[in-house]
Amino acid sequence: DENVTVAELSQAMGIPVNELIKKLMHLGVMATINQEIDADTAMVLAAEWDISVDVTKSFTAEELLAEDAEDIEEDMIIRPPVVTVMGHVDHGKTSLLDSIRHTDVIASEAGGITQHIGAYQVEVQGKKITFLDTPGHEAFTAMRARGAKVTDIAILVVAADDGVMPQTIEAINHAKAAEVPIIVAINKIDKPDATPDRVKQELTEHGLVVEEWGGETIAVPVSAKTGQNLDQLLEMVLLVAEVQDLKANPNRTAHGTVIEAKLDKGRGPVATVLVARGTLNVGDAITAGTSSGKVRAMIDDRGRRVKKAGPSMPVEVLGLSDVPHAGDTFAVVDDEKLFKQVIAERMAKRREEDHRRTSKVSLDDLFKQI
Ligand code: GTP
Ligand code: MG
């Protein structure tokens, strides 16, 4: 039995019955308060109030959490670290990323890169590193707020001529809260008024004691402008990543996180996603936040069309129905029927719970508990 009554749905959604009935009439369904409606109709209704977000998300989380346990050690292979570059305004995050990108032979060979997808991969000593370009901390915050842990390592950029500033401290706190190791890049050391030692001193006040002073914080003095010590910085990233022993199973349906998304005039909704595990393929049916669809095309960080994206690989995905939010999880839905069944199952389960419940609960609350 996959049906739910209008009254039950009203309670779960926190939307008055008469409003639901009105909306149903609009959809051509004449319903009364005790009328049973099917799961599909319930989903359409939920979507009208934007509640489908939670439906989709909980499905994703639930299914994937359950699936996650199934990964056995033999299936796990090394994946590239995902590195987020953070720091105060104008301290050189973008410059650093640009510079690092130029050290990547493949990138410079491709030439004339116009595409900027906010996430890209470079290859250092035959090993890939994924970088996330997060202007401000909004994306990072959004992702953390949604419980997505995408970052393995944070590079904290501090300008040597400016020192630790409010957003530097914010970044430190974000990284600490997320339990992400921090590598400090003391930038702009080419400047005559650069005082790297002052930066180190200020960092100490925020719990980051550099190695040379007996602490554990790796700090590399660099210049995004001249490229000085960038190789050393990248080496440190690889070193930290090695210790973390980052692995994922590429041989399963993909799931991951939306890094950013936009509505493109010509191409429709475009989402930059980062695959956490599994492999995303063109043609896969996916859900991402409020939207769903079939992957029509995928484009890598160099503007090339790709057919597959494995763990830690960022790609632009075309083919979604709507623009998802940064931090939304995406997941491949193998089977649309199954997807609907899960929703229906939950409706049934929720109904049971409703009987035991007196206070009003949101659809979101209910789905979270299941
Ligand atoms: P927001 O995105 O606004 O937060 O800034 P950002 O951290 O990305 O800084 P951005 O890379 O835009 O650099 C800010 C300014 O610092 C630019 O004028 C850069 O040219 C300059 N800059 C960045 N790195 C260096 C460096 O290593 N040396 C010198 N001399 N200037 C640098
Ligand atoms: Mg920038």
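Computed over heavy atoms, backbone and side chain alike; hydrogens, waters and symmetry mates excluded. Whatever order the structure lists ligands and atoms in, that order sets their numbers, starting from 1. Quick caveat: nothing in here was measured; it's all calculated off a predicted structure.
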For the side chain of Lys93 and the backbone of His88, is there at least one donor-acceptor N/O pair under 3.5 Å apart?
->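 Flag set: sc Lys93 to bb His88 pair under 3.5 Å.
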Heavy-atom donor-acceptor pair, Thr217 side chain to Leu208 backbone, under 3.5 Å =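 Such a contact is absent between Thr217 side chain and Leu208 backbone.
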What's the verdict on side-chain contact (heavy atoms from CB on, under 4.5 Å) for Asp162 and Asp90, showing C-alpha distance, side-chain angles and the deciding distance?
-> CA-CA 10 Å; Asp162 202 25; Asp90 275 354; over 6 Å; no
Is the closest basic N to carboxylate O distance between Asp98 and Arg101 below 4.0 Å?
->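 Here Asp98 does not pair with Arg101 in a salt bridge, since their nearest N and O are not under 4.0 Å apart.
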Side-chain ion pair, Glu19 and Lys23, N-O less than 4.0 Å =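 So Glu19 does not pair with Lys23 through a salt bridge.
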Does Thr94 put an N, O or S atom under 2.8 Å from the Mg ion (ligand 2)?
->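 Yes, within the cut-off.
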When you measure from atom 29 (C) of ligand 1 to each heavy atom in Asp190, Val89, Leu230, which option holds the nearest one?
->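 Minimum heavy-atom distance to atom 29 (C) of ligand 1 goes to Asp190.
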To which of Gly92, Gly87, Ser95 does the heavy atom nearest atom 20 (O) of ligand 1 belong?
->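 Minimum heavy-atom distance to atom 20 (O) of ligand 1 goes to Ser95.
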Do Ile155 and Val240 share a hydrophobic cluster, counting only Ile, Leu, Val, Met, Phe, Trp and Tyr and linking them when any side-chain heavy atoms are less than 4.5 Å apart?
->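 The answer is yes; both residues are in one hydrophobic cluster.
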Any link between Leu274 and Ile77 through a network of hydrophobic side chains (Ile, Leu, Val, Met, Phe, Trp, Tyr) touching at under 4.5 Å?
->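 No, Leu274 and Ile77 fall in different hydrophobic clusters.
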Considering only heavy atoms of [X], which atoms of ligand 1 have at least one such atom less than 4.0 Å away?
X: His91; answer: 7 (O), 9 (O)
X: Thr94; answer: 2 (O), 6 (P), 8 (O), 11 (O)
X: Ser223; answer: 27 (O)
X: His88; answer: 7 (O)
X: Ala224; answer: 24 (N), 26 (C), 27 (O)

Is the count of non-hydrogen atoms from other residues, nucleotides or ligands lying under 6.0 Å from Glu205 atom CD greater than 12?
->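 Counting neighbours around CD of Glu205, more than 12 heavy atoms of other residues, nucleotides or ligands fall under 6.0 Å, so yes.
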Part of Lys191 with heavy atoms under 4.0 Å of ligand 1, whether side chain, backbone, both or neither =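 Under 4.0 Å from ligand 1, Lys191 contributes side-chain atoms alone.
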Taking heavy atoms and a distance under 4.0 Å, where does Asp90 meet ligand 1: side chain, backbone, both or neither?
->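 Looking at Asp90 and ligand 1, atoms from backbone and side chain both fall under 4.0 Å.
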Is the shortest distance from a heavy atom of Gln167 to ligand 1 less than 4.0 Å?
->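 Gln167: no contact with ligand 1 (<4.0 Å).
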